[in-house]
K.L.:
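Got a structure for you, written out below as structure tokens; questions coming shortly.
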Amino acid sequence: MKVKVLSRNPDDYVRETKHDIQRVPRNYDPSLHPFEVGREYTRALNATKLERVFAKPFLASLDGHRDGVNCLAKHPQSLSTLLSGSCDGEVKVWNLTKHECVRTLQAHEGFVRGMVVRYCGTSFFTIGDDKTIKHWKMEAPGYGEEEEPLNTVLGKAVFTGLDHHQKNAVFATCGHQVDIWDEQRSTPIRSFTWGVDSFSSVRFNPVETELLGSCASDRSIVLYDMRESTPLKKVIMTMRTNTISWNPMEAYYFTCANEDYNLYTYDMRHLENPVKVHVDHVSAVLDVDYSPTGREFVSASFDKTIRIFPKDSASSREVYHTKRMQHVICVKWSADSKYILSGSDEMNIRLWKANAAEKLGVLSPREKQAIHYSQKLKEKFQHHPQIKRIARHRHLPKVIHHQKNELRVMKEARRRNTGEKNDGNPPRPPFKGELAIWAGAREK
Amino acid sequence: MMWPVGSRSSFVERDFRKPKEGTFTKRRKHFCDTFALVTIRRCDSGCFWGTREIELSVVFSMAKVSKKTSNKKKLMVSCGDPVISEGDQQPLYEDEEEEQGGMDRAEEETMSSEEDDGEDERKRQKLLEAIRSLGGKRKKALGERSEAAGQMSEFSVNPDAGPGKVQLSDLIGSLEKTPAVPAKSKKQLKNLQRSKKTVDSPLSKQDTERIQRDMAFQKAASEVSRWDGVISQNQRAEQLLFPLNRDPAGPKPVERLVVGWKARTPLEQEIFALLSANKQPLTDPILTPAEEASVKAMSLEEAKIRRAELQKARALQSYYEAKARRERKIKSKKYHKVQNKTKRKEFLKHFEEMVKMDPAVALQELNKMELARMQERMSLKHQNSSKWAKSKAIMAKYDEEARKAMQQQLEMNKELTQRLITPLNHDDDDDDQEDEEGGAADEADMFPDFVNDAVDGRDASNPWMKGKLSAEPAQQQLSDTLTEAAQAVCEEEECWAGETEEEALLGEFNSRRKLLQAQESDAAGVVLPEEETEDRAAAVESEASDSDDSCLLESPSISGGRENVLKETKATGCSERSAPLEERLMRIRTVEDLELLPHEPSDEPSQPPSTKAPPSEEKHLGKRKKKGIELKEVLTKETKLIKVPFTPTVTDSEDPEAKMDQRGLIKEAFAGDDVISDFLKDKRRKEDEGKSKEIDLTLPGWGDWGGVGLKPPKRKRRRFRVKSAPPPPRKDQHLPSVIISEKRNASVSLHQVHSLPFPFENHAQFESCVRSPLGRAWNTERTVKKVTKPRVVTQLGAIIHPMTEEELLKNNKKVVARESI
């Protein structure tokens, strides 16, 4: 039998002469001194936890509109300026740094359907339900001057979408047809029709600046070239597309927000199949905007959430919601790729961080280094179950959570009924599995 | 047959192919006499055998008629198409004549009244007008607009259809006559005339639009595809910097920082005027326009690339120089000999090519060679007349080395004096031969070269020592390849006669190898496949036997169990590539909450582990609660199931005896080992190991007397004998033929990655990735910086504009630079 006794040998802690260095007792327990993998694993776990703890994406809410916010416009030259148009025809110009409205103008009667700032940033265009296109100065009128548009064009039908060319004095509208306008003229310089009577959105390609994309009420996406007299190509999907957004760094990719709760990324050269189907929303997706880096995009949905998707991932990396935010009508990613702006039904514009846990402001080099290191650690250990579990946990409102589960059950049931084998292997081609049910796109 | 007769007196003259001279002329004269004006018209629609729609209006005056008719006749004859047959046409002619005879009279009458006709017509018109005017309502005549262009064309040809109608054929006819028109265009026109194709009707609007759209889309798609390079490069890039066109780091000129700065004082103004006049930079860091241009012309990267190229070239040059110097210094004769030989071979190869490509140069080379050969033949350099050779010749009898040296020398001579046979040379030879036939016989051609050589007849085995008159040297070389080896063998046998036995053996091997090598070219193709087939057959046999064995040995119930286990692991192990967000109702506020996150992801539909044993078995086992498995029952099952793998063998062999034999054979082979009982034993042992054991905690002498021979009382023994809790039931409890190991540590596996994550291809890769640390405690500062470089870097407060075409240019430059390296 072994009896343990406390023993203190002075040789272990008393130095022989005063010239020796002090002996420091050290605990040699290997569990206290793990190898590098163990240490880094712990660090990664802590970093992941801290990321979730610091994930506070909501920055500010800009209130002042007296009706739902229907459209937003970024300023191409100034980061702190934002324009918003509401459903009562009011346009507000905001200063984002101060979180205040700097200018309000009654632009239209009825909805402000679209708004775009000219590439130089000195003026902007609005379209409304009153069938007019108005051209406004960016500067507020002086004291005593009246708010007057620089130019007003009266159209034949209601305009529903608007976008400006990247470099030239040309803009495009859509309504019952897609029109290309010269800023100096009151009639369109070119009109495109292809058998549909109502378009919901038109967007210029920011890279190949002469190309346009539009989505129409006949569930189609139509591509145009400004230089050609005819449209280029059309895809018809099973449900209507609300908006499209071009990738600003990859000329031929665009993403469209569909009514079937999904987003589809297409390569404009091969419209037969989407490159990726982005699922996660539980209601119609209303708006989509690419990050200026072209690596991610943000989508606004009728389910009262905003989601951020990496451009080549099927599922979202982030979901933003607040208790008071209603159906999100429009969303924009700020030009420095740091913020997200969303306008919703309940008259508020919200400012979010694009990376929920990011520290804002200037960082010291040490901070930067630490952030980079922990970022890499998180990446390195992202597949480890504990870390994965923490990193991907998101709180969801009850309604959305239940809807999501319901949808999942429905999908599984459908899959079972159609006789598809669910062997638990994900590499099923996403288009066939998902879209056989939802949005089998066919090309025209 | 109708003759068109009208107010305008016209007469249709048919295209007579072979008119009868007499009748035609007679008739013609008759007509001419009668009419002042005759219009001859050749038409095809109205008559039987007219061919072309050429309308000619010819006015015949009375005086000219006779002359014209003769001309016309000639023309008709020449114009006529080839006759189909005389017999066919004859009756027609006769017919016509008769009719014409009848018509002539009628014609005469009408024609004679022709002059009155004009007046009658006028009268009739007047009458008609008068009648019209009587009819009550007076219609106002519509003023018709007539345009001169309608009546008259600027090309002086009447565009109206009528007698003067111009047809395409008219114009072409004139074309054919003009000699200036090239024959080609004439031919084209003819083809055009012949082709009766109608032009396709234009496409419908929808179709044209579709085509236009397709074209436009193709164009746009190809245009957009030029971004492919940039995009793929960005996808691969380790780090992306945004905004794309950042201002270069470093000091910036004052002008760019201070926008509104101006030279104010007169001194400043003067200085700036001077500077700007000389195109000098105003502030230090600014470059002159020329310098800027040069910088733009060659970017840093390009300069680096260029420098690297130059460096490489220089290094190569110095390397080759050093090599050449080194080689020049080598004194070894053998080395140079080898070198020279290879050079010569090279030259020969080159020469053969040259003969094909550039015979003139080849001829020059040949002449040079011939000269060298002549010189060699003249000199006694490699003859065995030198002092050295003579001495060697004496020694050759006894010394192998000397003999060899001599042989080599002679060989050299032979080679050098050998005549090169080329196509060029052959021509010469032919000429020579002709000459020879002419009478002058050339000695060199009569006798082969080795006649000149000193022949040492003593060594019969030496191929160089004896020449065959029949074989030409070049052919000899070819044919020798096989014989050489044999001869070499003989040689070697002689050579190695005096050596030890071992060496002799080695030599034999060598010679055999050589023989084999010689034969290889012929026989390889035959030998190898045989070997292969043999191998294959062997392999097949072995495989077959293996499979048989495995079939027999594996009991299907066991394999089934294994499969089940595999399936289970698959089902649990697979995870999605991109993990979706796990969205829950729970909100986490603290780090502690994070820990409390549920462990099992609910999103993944977790199937219950399918550890189903065959149902019959389960039933049996369910009935019996006994833990031990009776050998008998298991064995009966086994015998049942063992039959399954044999079914295919039955079909294969088709005779039961053989099958029985095989089974017996296997039984015999594995008579000693009882696999099943071994397995059961194993299982029982595992189960026993897992069972809880009693722990005896009794201390002898504790609370009682202790000593030798004294045992602790029963009561205490019972009290201190602790029985630990029984372990959880084994998973393979109800699976008689399966052992499931439960050694896996759940607490550790909670932290382990179960399946290989997406970008990795094998476990080793992933493990090495996890094993390599990133921190500063284990890496140098540089490495840490490099390893922790963020994927995307953005500048604080900088607007990121969409990609512009400059990127494309940059990328192109990079690509070009990379290709140039």
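Below, read A as the first sequence line, B as the second, and so on, with proteins coming before strands; counting in each chain starts at 1. Keep in mind that the numbers below use all heavy atoms, side chains included, and drop hydrogens, waters and symmetry copies.
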K.L.:
Could you go step by step and tell me if B:L240 and A:R295 meet the side chain to side chain contact (heavy atoms under 4.5 Å, CB included) rule?
P.N.:
CA-CA 10 Å; B:L240 290 172; A:R295 320 218 22 106; 3.3 Å; yes
K.L.:
Answer yes or no: are there more than 12 heavy-atom neighbours, outside B:E806 itself, under 6.0 Å from its atom CD?
P.N.:
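No, not enclosed.
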K.L.:
Quick check for you: to the nearest 0.5 Å, what is the distance between B:L581 atom CG and A:H393 atom NE2?
P.N.:
10.5 Å
K.L.:
If you count heavy-atom pairs within less than 4.5 Å of chain A, which of B:Q235, B:R776, B:M215 leads?
P.N.:
B:Q235
K.L.:
In terms of heavy-atom proximity below 4.5 Å to chain B, should A:Y224 be classed as side chain, backbone, both, or neither?
P.N.:
neither
K.L.:
Given that the side chain runs from C-beta out, which part of B:A216 has a heavy atom under 4.5 Å from chain A: side chain, backbone, both or neither?
P.N.:
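Its backbone and side chain both get close to chain A.
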K.L.:
Considering only heavy atoms from C-beta outward, does the side chain of A:K74 approach that of B:I799 to under 4.5 Å?
P.N.:
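A:K74 vs B:I799: side chains apart.
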K.L.:
Tell me, for B:V224 versus chain A, whether the close heavy atoms (under 4.5 Å) come from the side chain, the backbone, both or neither.
P.N.:
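Contact with chain A involves both backbone and side-chain atoms of B:V224.
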K.L.:
Please report the shortest heavy-atom distance between A:E36 and B:W778, naming the atom on each side.
P.N.:
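Heavy atoms of A:E36 and B:W778 come nearest at CB-CE2, 3.3 Å.
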K.L.:
Report yes if the side chains of A:D225 and B:F217 come closer than 4.5 Å at any heavy-atom pair, otherwise no.
P.N.:
no
K.L.:
Counting only heavy atoms closer than 4.5 Å, note whether B:S222 contacts chain A via side chain, backbone, both or neither.
P.N.:
neither
K.L.:
Contact part of B:L774 toward chain A, heavy-atom cut-off under 4.5 Å: side chain, backbone, both or neither?
P.N.:
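Both backbone and side chain of B:L774 come within 4.5 Å of chain A.
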K.L.:
Check whether B:V787 gets within reach of chain A through its side chain, its backbone, both or neither, counting any heavy atom under 4.5 Å.
P.N.:
backbone
K.L.:
If you measure from CD on B:Q752 to NE2 on A:H383, what distance do you get to the nearest 0.5 Å?
P.N.:
15.5 Å
K.L.:
Tell me which one of A:R307, A:R392, A:R408 satisfies salt bridge (Lys or Arg N to Asp or Glu O under 4.0 Å) with B:E583.
P.N.:
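Only one of A:R307, A:R392, A:R408 forms a salt bridge (Lys or Arg N to Asp or Glu O under 4.0 Å) with B:E583, namely A:R307.
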K.L.:
When heavy-atom pairs shorter than 4.5 Å are enumerated against chain B, which of A:E318, A:K338, A:M249 gives the highest number?
P.N.:
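So the answer, after comparing A:E318, A:K338, A:M249, is A:M249.
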K.L.:
Non-hydrogen atoms of chain B under 4.5 Å away: do they reach the side chain of A:S291, the backbone, both or neither?
P.N.:
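Neither part; nothing is under 4.5 Å.
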K.L.:
Restricting to non-hydrogen atoms, name the atom on A:M268 and the atom on B:A220 that form the minimum distance, rounded to 0.1 Å.
P.N.:
CE-CB, 4.4 Å
K.L.:
Between B:L585, B:V784, B:L796, B:I800, who has the most heavy-atom pairs with chain A when the cutoff is under 4.5 Å?
P.N.:
B:L585
K.L.:
Heavy-atom pairs under 4.5 Å with chain B: which of A:Y290, A:Y41, A:F381 has the most?
P.N.:
A:Y41
K.L.:
Below 4.5 Å, heavy-atom pairs only: which of A:I400, A:V207, A:D267 has the largest tally toward chain B?
P.N.:
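Ranked by contacts with chain B, first place is A:V207.
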K.L.:
With a 4.5 Å cut-off on heavy-atom pairs, point out which of A:A55, A:P292, A:A391, A:P397 contacts chain B the most.
P.N.:
A:P292
K.L.:
In terms of heavy-atom proximity below 4.5 Å to chain B, should A:K311 be classed as side chain, backbone, both, or neither?
P.N.:
side chain
K.L.:
A:Q369 versus chain B, heavy atoms under 4.5 Å apart: side chain, backbone, both or neither?
P.N.:
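Contact with chain B involves the side chain of A:Q369 alone.
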K.L.:
Locate the shortest heavy-atom distance separating B:T788 from A:K376; write the atom from each residue and the value.
P.N.:
CA-CG, 3.6 Å
K.L.:
Does B:F720, at its CZ atom, have more than 12 non-hydrogen atoms belonging to other residues, nucleotides or ligands within less than 6.0 Å?
P.N.:
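Correct, the count exceeds 12.
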K.L.:
On a heavy-atom basis, which atom in B:W227 and which in A:A251 lie closest, and how many Å separate them?
P.N.:
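That closest heavy-atom pairing would be CD1-CB, 3.4 Å.
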K.L.:
What part of A:I371 is in contact with chain B, defined as an atom under 4.5 angstrom from a non-hydrogen atom: side chain, backbone, both or neither?
P.N.:
neither
K.L.:
For the candidates B:E807, B:K785, B:Q212, B:E223, which exhibits the highest count of non-hydrogen atom pairs separated by less than 4.5 Å from chain A?
P.N.:
B:E223
K.L.:
Could you tell me whether B:E761 atom CD has more than 12 heavy atoms of other residues or ligands within 6.0 Å of it?
P.N.:
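Counting neighbours around CD of B:E761, 12 or fewer heavy atoms of other residues, nucleotides or ligands fall under 6.0 Å, so no.
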K.L.:
Please identify, among A:R227, A:Q166, A:R52, the residue contributing the most non-hydrogen atom pairs under 4.5 Å to chain B.
P.N.:
A:R227
K.L.:
If you look at every heavy atom in A:K380 and B:S772, which pair is closest and at what distance?
P.N.:
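Residues A:K380 and B:S772, closest heavy atoms: NZ-O, 2.8 Å.
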K.L.:
Are the side chains of A:E250 and B:N234 in touch, meaning some heavy atoms are under 4.5 Å apart?
P.N.:
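A side-chain contact is absent here, since even the closest heavy-atom pair is not under 4.5 Å.
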K.L.:
Step by step, would you call B:T794 with A:D336 a side chain to side chain contact (heavy atoms under 4.5 Å, CB included)?
P.N.:
CA-CA 8 Å; B:T794 56; A:D336 60 348; over 6 Å; no
K.L.:
Select one option (side chain, backbone, both, neither) describing which atoms of A:L79 are under 4.5 Å from chain B's heavy atoms.
P.N.:
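Both backbone and side chain of A:L79 come within 4.5 Å of chain B.
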K.L.:
Where on B:R226 is there a heavy atom nearer than 4.5 Å to chain A: the side chain, the backbone, both, or neither?
P.N.:
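Side chain only.
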K.L.:
For A:W194, does the six-membered ring have the charged nitrogen or CZ of B:R213 within the cation-pi criterion, i.e. under 6.0 angstrom from the centroid and within 45° of the normal?
P.N.:
yes
K.L.:
Walk me through it: do A:E379 and B:R791 pass the test salt bridge (Lys or Arg N to Asp or Glu O under 4.0 Å)?
P.N.:
CA-CA 11 Å; A:E379 267 170 40; B:R791 180 96 173 76; over 6 Å; no
K.L.:
Taking all heavy atoms of A:E40 and all of B:G775, pick out the closest pair and write down the distance.
P.N.:
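Heavy atoms only, the tightest pair is OE2-N, 2.8 Å.
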K.L.:
Measure the shortest side-chain to side-chain distance between A:Q375 and B:P790 over non-hydrogen atoms and say whether it is less than 4.5 angstrom.
P.N.:
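No, too far: nothing below the 4.5 Å cut-off.
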K.L.:
Does the B:E209 side chain pair with the main chain of A:T230, one donor and one acceptor, at a distance under 3.5 Å?
P.N.:
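No; zero donor-acceptor contacts below 3.5 Å.
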K.L.:
What part of B:K789 lies closer than 4.5 angstrom to a heavy atom of chain A: side chain, backbone, both or neither?
P.N.:
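Contact with chain A is through the backbone of B:K789 alone.
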K.L.:
How long is the gap from OH on A:Y253 to CD1 on B:I231, to the nearest 0.5 Å?
P.N.:
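Nearest 0.5 Å value for the OH-CD1 distance: 6.5 Å.
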K.L.:
Among the options A:H270, A:E210, A:R394, A:R317, pick out the one with the most heavy-atom pairs lying under 4.5 Å from chain B.
P.N.:
A:R394
